[in-house]
Amino acid sequence: MTNEGSSGAAPVSRLADEFNKLPGIGPKTAQRLTYFLIRMPEEDARSLAEAIIAVKERIILCTTCYNITEINPCDICTNVNRDQTRICVVEEALDVQALERTRSFKGLYHVLHGVISPMNGVGPDDLRIHPLLERLKGDSQVEEIILATNPNLEGEATSMYVHKLISPLGIRITRPARGLPVGGDLEYADELTLSRAIEGRQDF
Amino acid sequence: MSRPRTYKTECIVLKQLSLSEADRILTLYTPDMGKVRAVARGVRRPKSKLSGHLELLNQASVSLSYGRNLDTINEAQSIRSFRGIREDLQRISKAIYMAELVDGFSIENSDNYQLYLLLVDSLGWLERTDNTKLLLRYFELHLLEHSGYRPELVNCVECRAWLEPGDHFFAGGSGGVLCPECRVDSEDSLIPISLNSMKVLRFLQREKGFANIDVLSVPPDQLAVLERLIRVYIRYLVERDLKSAEFMNLISNARS
Ligand SMILES: [Zn+2]
Ligand SMILES: [Zn+2]
């Protein structure tokens, strides 16, 4: 009941509509958030708005690893103390954060930004798979690629596809150990399970 | 309260879409209710009791609650996970194609038991047969039949005349073969089809199971014609290119 005449001013329904576009937010929650913001002190609201704009203006993708960053190349790619011979391939930037929290991986990353999911209209060309191939062709230091996509059908299919593309390069390709339960997402794994999985990896 | 609030059924998981935090919307294909869209809560968390059971393409028994928009999955128990498919990218891409076809040709809450059986049976064959291209053609022809789009391969689809051997053309937009006379005024895209290919198609259409087809050996060029022909017809029916067909071609054409 958002557009029924007297019920609300245009800016109110506009904000509710914007909230409604966010993942996991239905019309009810969108309305609740909107009314919460109306009652919020102006400086808090302004600070929230600025934070949103700052994210959009300052956060970019690293053109080497495609992780989200404020500087390009990102801190991880430019850190000389990290192991330049290993690249861990993950689905999302959130997975990089999850792995960084474990502190058990010291190499570099490559973020695919999704998985092959034809049913949802996502094919290999919609992901950052070809940039990975180019990156490997131009970098002779890399000795190991760890394919850390999620342990479900689409994650596995994506890894198999990447494996097929990069195996002619002759680089060692591994998978994290099977500590991760099938179907769960990597970003939700607890740190111990994740550490064990990344430490006990196996050849693909 | 005449209607119960929960129900049990079995399903194949056709499609998954991450919703929020840890939830997913699943598209299930069931024997008694056709296509059902339902929410699986917490399924992306590794400790979820549902996740492993509701993997894409799994066959599972499920218990759901009716919801205003979408039903919610309360419990799930995997029946069959088709492991033989999951370890092979070619087979995965073909299984996803089957799932996209079932999704595309079915309607929510409209049961089609034959289509369900066809999907389960074909996934089972896809685990073990090396005749996967013929399996896909068999699957397509029977999916079309169970959906009310059975291609006409015996009589001319326009004038119903009995087709003489030789000189046949398949008209994608008409859903069948045209006789030489009807072909003259047809505006369809026509694909020439040899008598042999015709016979293979008719055989695939007539057989009620894949066992007798599995033993056939059809030369690659003939397989390619059959594939193109049915693809044109399906493309005409669904009015779009199937992303899974694109992916399947990409996988099978790449040198392995
Ligand atoms: Zn980077
Ligand atoms: Zn005719």
Side-chain angles (χ1 to χ4, degrees), chain A residues 21-29 91-92 94-95 98 114-127 129-130 150-168 176 178-194 196-197 204, chain B residues 13-25 27 40 42-58 69 76 78 81-82 85-93 95-97 99-104 240-251 254-256:
Chain A
K21 290 178 191 163
L22 301 176
I25 303 211
K28 275 266 155 54
T29 313
E91 292 179 15
E92 302 290 350
L94 281 168
D95 300 331
V115 276
I116 296 171
S117 180
M119 293 289 289
N120 293 311
V122 183
D125 292 343
D126 301 308
L127 307 174
I129 292 178
H130 277 279
N150 288 320
N152 54 42
L153 183 90
E154 290 172 338
E156 301 280 358
T158 305
S159 274
M160 286 184 220
Y161 182 75
V162 173
H163 178 267
K164 194 178 165 111
L165 280 189
I166 63 181
S167 58
R178 287 314 163 97
L180 300 171
V182 171
D185 272 18
L186 198 133
E187 64 168 285
Y188 293 104
D190 65 86
E191 286 166 31
L192 186 62
T193 308
L194 205 49
R196 284 192 186 135
F204 197 103
Chain B
V13 181
L14 292 183
K15 187 169 165 181
Q16 299 180 330
L17 191 66
S18 290
L19 177 60
S20 62
E21 293 265 350
D23 306 342
R24 282 203 180 103
I25 294 183
T27 304
V43 76
R44 295 173 65 196
R45 296 200 173 92
K47 291 198 173 80
S48 160
K49 271 179 279 181
L50 294 177
S51 60
H53 297 288
L54 292 174
E55 260 276 61
L56 202 56
L57 304 175
N58 258 20
N69 302 315
S78 170
S81 62
F82 304 104
I85 296 174
R86 286 168 205 280
E87 282 150 17
D88 177 345
L89 190 54
Q90 299 253 7
R91 289 179 206 267
I92 290 176
S93 70
I96 291 175
Y97 173 68
E100 188 170 13
L101 279 185
V102 170
D103 187 36
R240 64 187 165 91
D241 288 313
L242 296 174
K243 195 80 180 180
S244 58
E246 211 177 280
F247 180 57
M248 191 167 61
N249 290 348
L250 185 70
I251 299 296
R255 65 255 170 263
S256 35

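Below, chains carry the letters A, B, ... as their sequence lines are ordered, and counting in each starts from 1.
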Where does [X] contact chain A at under 4.5 Å (heavy atoms): side chain, backbone, both or neither?
X      : result
B:L242 : neither
B:E100 : both
B:N58  : neither
B:S244 : both

>> Consider side-chain contact (heavy atoms from CB on, under 4.5 Å). Of B:I92, B:V13, B:I85, which one does A:L153 pass it with?
In response: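 By the side-chain contact (heavy atoms from CB on, under 4.5 Å) criterion, A:L153 pairs with just one of B:I92, B:V13, B:I85: B:I92.
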
> Can you check whether B:E55's main-chain N or O pairs, donor with acceptor, with A:N152's side chain at less than 3.5 Å?
Replying inline: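 Such a contact is absent between A:N152 side chain and B:E55 backbone.
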
>> Can you tell me which portion of A:L22 sits under 4.5 Å from chain B's heavy atoms? Options are side chain, backbone, both or neither.
In response: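 For A:L22, there is no contact with chain B at all, as no heavy atom is under 4.5 Å.
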
> What residue, out of B:S93, B:S48, B:A99, B:G42, has the most heavy-atom pairs lying under 4.5 Å from chain A?
Replying inline: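 Option with the greatest count: B:A99.
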
> When heavy-atom pairs shorter than 4.5 Å are enumerated against chain A, which of B:Q16, B:K243, B:K15 gives the highest number?
Replying inline: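 The residue among B:Q16, B:K243, B:K15 with the greatest pair count is B:K243.
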
> What distance separates A:M160 CE from B:I251 CD1, expressed to the nearest 0.5 Å?
Replying inline: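 If I round to the nearest 0.5 Å, the distance is 10.0 Å.
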
>> For the CG atom of B:D103 and the CE atom of A:M119, what is their distance to the nearest 0.5 Å?
In response: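 Atom-to-atom, B:D103:CG and A:M119:CE are 4.5 Å apart.
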
> Which heavy atom of B:L89 sits nearest a heavy atom of A:A157, and at what distance?
Replying inline: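 So the two residues come closest at CD1-O, 3.6 Å.
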
> Who pairs with B:Y97 by side chain to side chain donor-acceptor pair (under 3.5 Å), at least two apart in sequence or on another chain?
Replying inline: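 Checked B:Y97 against side chain to side chain donor-acceptor pair (under 3.5 Å); matches are B:E140.
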
